Amino acid sequence: MELSSINDAFDRVTKKQKLSSSKVQEIIEQIGREIEQAISRIQSEQDSASPSDQKMILNELKAKLKEIAPLRQLEGPQKELNVALSKYTKMLEKSFTADISKSYRDIDFDLHIVNQILASHLYREGLFDVGDCFVSESNEPGAATDRAPFLELFQILEAMKSRNIEPALKWVKRNCKQHGSELELKLHRLQFVEILQNKSRDEALKYGRAFLAPFAATHMADVQKLMTALLWADRLDSSPYAELLSSTHWSKMAEELTREFCNFMEQSHESPLSVTIAAGILGLPILLKMSSLTLGKKLDPSSVDLELGVEFQFHSVFVCPVSKEHASADNPPMILTCGHVICKQTMTKITKNNNTKPFKCPYCPIEVEVAQCRQLFL
C-alpha cells in the first residue's frame, strides 16, 4: 500500500488546521484589545463622562467589532480546513479495508497465553505499573514472571544513563560466564574514560591499575590504548583517541547488555508482540489484495509468500504445502526426486503407509519411489 499520498494529505490537513487556529487566535486577540481599550476609556472618564459619552464609547466599540467581522474572516480558513479534512477521510476509507476477516485464519487462541504475552510486553517496555494493573485485572498472577528480571534490566540501564556501571558489573559477573570478561572490560573502559575526562589523570591511572590490569594478558591492545590516552588527559578531544569520548559507546554498551540479558533469559531482545504486529502491518496489505482476488472465499495466509525483509528473518521454517503444517523433528521435510518438498507425515498419508508402492507427486505428474526420497535439513 502506497502511504506517501496519505502522508501528503495528512500534512495538508495539519497545515490548514494550523492556519485556521492561528487566524482564530489573531482575531480573538484583536477583539480583546478593542474591548480593553473601550474599558480603559470608560474607567479613565468615569468621573467626568456623562452616560451619553459612555454610550458613545460602546457604540464605537460595536462599530469596530462589526468592521473586524470575525465570522467572515474565519469562514474562509475553516472552509478550506473542512474540504481538506473531507478529502483525507475519503482517502482513508478508499485506501484501507475495514473488513480484514477474509485475510486471516480463525484460530482459537489460549486466553491465558495471550495474557502472558501482553504482560511480558508491558514489562519489557518498562511499563511496570501498567503491567501490574493488567495482571491484576486479568487475574493472571503467573503472567508477572517477567517483571523482576526486566525491572532489574531497567535499573541497570537507568544507572548507566547516570554513568554508574556498578549494577551492570554485578550482573555481568553473576550471569555471563562465556562473554563476561569482554563485557566487563567494556564497562571498565567506559568508566576509565569518564574518570579521565571529568576527573584527574592520577585517578584514571589508579582506576586502570585496579580494574584494567587484570585484562592485560588477554586484551593487551585495548589496555595499551587506554593507558596511552593518559598522555592526552588535558586535550583528549583533540587527540588520536578522541573517539573514546563518543557518547555512542554508552548507548552501544546498553544495547549489548540488553541483548545479553535477554539471551540469558532465553528470550528475544525485541518484543515478540512488537515484531509480530510490525510484520502484520507489512503483510496485511498484500493479504487484503490477495483476498480481493479470491471472489469472496476466505484466504489461507499460509498459502501466500510474503517478502517482509531481512529484519523479520530469524530462522528457516518449512511449511508443508499440502498439510499446511510446520515441519518438526518428528515430521521433517522430505525432498522428492522431482525436486518438490513435502512433510514426511504427508508422504505417509499419500502412500497409505506403503513404502514399496510409488506415488504421484502432489504438484507434478512424476511418480516417486519412497526409498529415493531424502530428508531435507534446513
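Because the structure is predicted, anything quoted here is derived from the model rather than measured.
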Residues passing the ring-ring contact (aromatic ring centres under 6.0 Å, His included) test with F154, sequence neighbours excluded, are F128
Mind checking side-chain hydrogen bond (donor to acceptor under 3.5 Å, both in side chains) for N354 and listing every partner two or more places apart, or none if nothing turns up?
-> T356
Pairwise salt bridge (Lys or Arg N to Asp or Glu O under 4.0 Å) hits with a residue in residues 131-159, at least two apart | D132-R147, E152-R174, E158-K161
Contacts of type side-chain contact (heavy atoms from CB on, under 4.5 Å), residue A159, not counting sequence neighbours | N164, P167
Decide if atom CZ of R209 counts as having more than 12 heavy atoms of other residues, nucleotides or ligands within a radius under 6.0 Å.
-> no
Is there any salt bridge (Lys or Arg N to Asp or Glu O under 4.0 Å) pair reaching into residues 341-359, and which pairs are they, with sequence neighbours excluded?
-> none
Among pairs that include at least one residue of residues 115-131, which meet salt bridge (Lys or Arg N to Asp or Glu O under 4.0 Å), considering only residues two or more places apart or in two chains?
-> none
Those residues that, when tested against E36, pass side-chain contact (heavy atoms from CB on, under 4.5 Å) (two or more places apart) | none
By side-chain contact (heavy atoms from CB on, under 4.5 Å) - contacts of Q155 (at least two apart) | L151
Residue set satisfying ring-ring contact (aromatic ring centres under 6.0 Å, His included) with H188, at least two apart, ordered chain then number -> Y207, F211
Identify each donor-acceptor pair in which a side-chain atom of residues 222-229 lies under 3.5 Å from a protein atom, sequence neighbours left out, and give them as a table.
{"unit_1": "K225", "atom_1": "NZ", "unit_2": "E243", "atom_2": "OE2", "d": "2.9"}
{"unit_1": "T228", "atom_1": "OG1", "unit_2": "Q224", "atom_2": "O", "d": "2.7"}

Among residues two or more places apart or on two chains, list those pairs meeting side-chain hydrogen bond (donor to acceptor under 3.5 Å, both in side chains) that have a residue in residues 195-204.
-> E194-N198, S200-E203
Dump the intermediate steps for side chain to side chain contact (heavy atoms under 4.5 Å, CB included) on V275 and F312, then the final yes or no.
-> CA-CA 8 Å; V275 173; F312 295 100; 4.0 Å; yes
Applying side chain to side chain contact (heavy atoms under 4.5 Å, CB included), run through T337 and R374 and close with a yes or a no.
-> CA-CA 8 Å; T337 51; R374 296 288 181 266; over 6 Å; no
Considering residues at least two apart in sequence or located in another chain, which fulfil the side-chain contact (heavy atoms from CB on, under 4.5 Å) criterion with Q17?
-> S21, L81
